[in-house]
Student: 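My structure is below; once you've seen it, I'll send some questions.
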Protein chains: 2
Amino acid sequence: MAEKGTADENTIYVGNKPPMSYVLAVVTQFNGGSDEVIIKARGRAISRAVDTAEITRNRFVTNAKVKEIKIGTEGITNEEGKSSNVSSIEITLSTK
Amino acid sequence: MAEKGTADENTIYVGNKPPMSYVLAVVTQFNGGSDEVIIKARGRAISRAVDTAEITRNRFVTNAKVKEIKIGTEGITNEEGKSSNVSSIEITLSTK
């Protein structure tokens, strides 16, 4: 799926913190010279990943475009060893 | 944004019900002869929209592909007349 070896460095994983924490991380990546940042999230954090992309694009890195959005399903195992599926999203922002 | 006049009929709006309610609506659209269904959501329901698309694709309409995913920002006004922004998503599933 990844198009380049440097994907990991440019990837921001969105969790349960306020969206602005992740916006700051994305903006920092762009300011550090990256021309592409991948925002990833699973489950309920998916909405926050979209917020992160939108806030970044509308307020901070206005030349960033949504290059690609991928959705998928990942199998996870909880503490009790029970497995279930969770949706995931991968939003690629690019200034190229 | 809409590419065709029939978009409304094929659009499922995802809200706060369990994902399966929306999966059923999407599957019903496909079974009724549509070859394209658009799943829309705003705010926290965005995660559920992704769940809806993934469950539909993995379990019920296995020939459906994710044709396009768009994200955006919409201005909303709450009961007190205060305006704010909310993220939105639009997932197009297609069996064509």
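Throughout, a chain's letter reflects where its sequence line sits, starting with A, and its residues are numbered from 1.
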Student: Check whether A:Asp51 gets within reach of chain B through its side chain, its backbone, both or neither, counting any heavy atom under 4.5 Å.
Tutor: both
Student: Answer with yes or no whether the hydrophobic clustering places A:Val50 together with A:Leu24; edges join I, L, V, M, F, W, Y residues whose side-chain heavy atoms lie under 4.5 Å apart.
Tutor: no
Student: Is there a path of hydrophobic side-chain contacts, each under 4.5 Å between heavy atoms, that joins B:Phe60 and B:Ile39?
Tutor: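 Linked within one cluster.
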Student: Starting from A:Tyr22, can I reach A:Tyr13 by hopping between I/L/V/M/F/W/Y residues whose side chains sit under 4.5 Å apart?
Tutor: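 Unlinked, A:Tyr13 and A:Tyr22 end up in two clusters.
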Student: Less than 4.5 Å to any heavy atom of chain B: does that hold for the side chain of A:Val66, its backbone, both, or neither?
Tutor: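 Looking at A:Val66, just its side chain touches chain B.
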Student: I'd like to verify something: which residue of A:Gly43, A:Ser87, A:Ala49 has the highest number of heavy-atom pairs under 4.5 Å with chain B?
Tutor: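 Going by pairs under 4.5 Å, I would pick A:Ser87.
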Student: B:Met20, B:Ile91: one ILVMFWY side-chain cluster at the under-4.5 Å cut-off?
Tutor: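 Yes, it is one cluster - the side chains of B:Met20 and B:Ile91 are joined through contacts under 4.5 Å.
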Student: Against chain B, label A:Arg48 side chain, backbone, both or neither, depending on which of its atoms sit under 4.5 Å from a heavy atom there.
Tutor: neither
Student: Go through the atoms of B:Ala41 and report whether side chain, backbone, both or neither lie under 4.5 Å from a heavy atom of chain A.
Tutor: neither
Student: Does CG in B:Asn16 sit with more than 12 non-hydrogen atoms of other residues, nucleotides or ligands closer than 6.0 Å?
Tutor: no
Student: What residue among A:Ile46, A:Ile71, A:Ile89 forms side chain to side chain contact (heavy atoms under 4.5 Å, CB included) with B:Ile89?
Tutor: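 Only match with B:Ile89 under side chain to side chain contact (heavy atoms under 4.5 Å, CB included): A:Ile89.
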Student: Name the region of A:Ile69, side chain, backbone, both or neither, that has any atom closer than 4.5 Å to a heavy atom of chain B.
Tutor: both
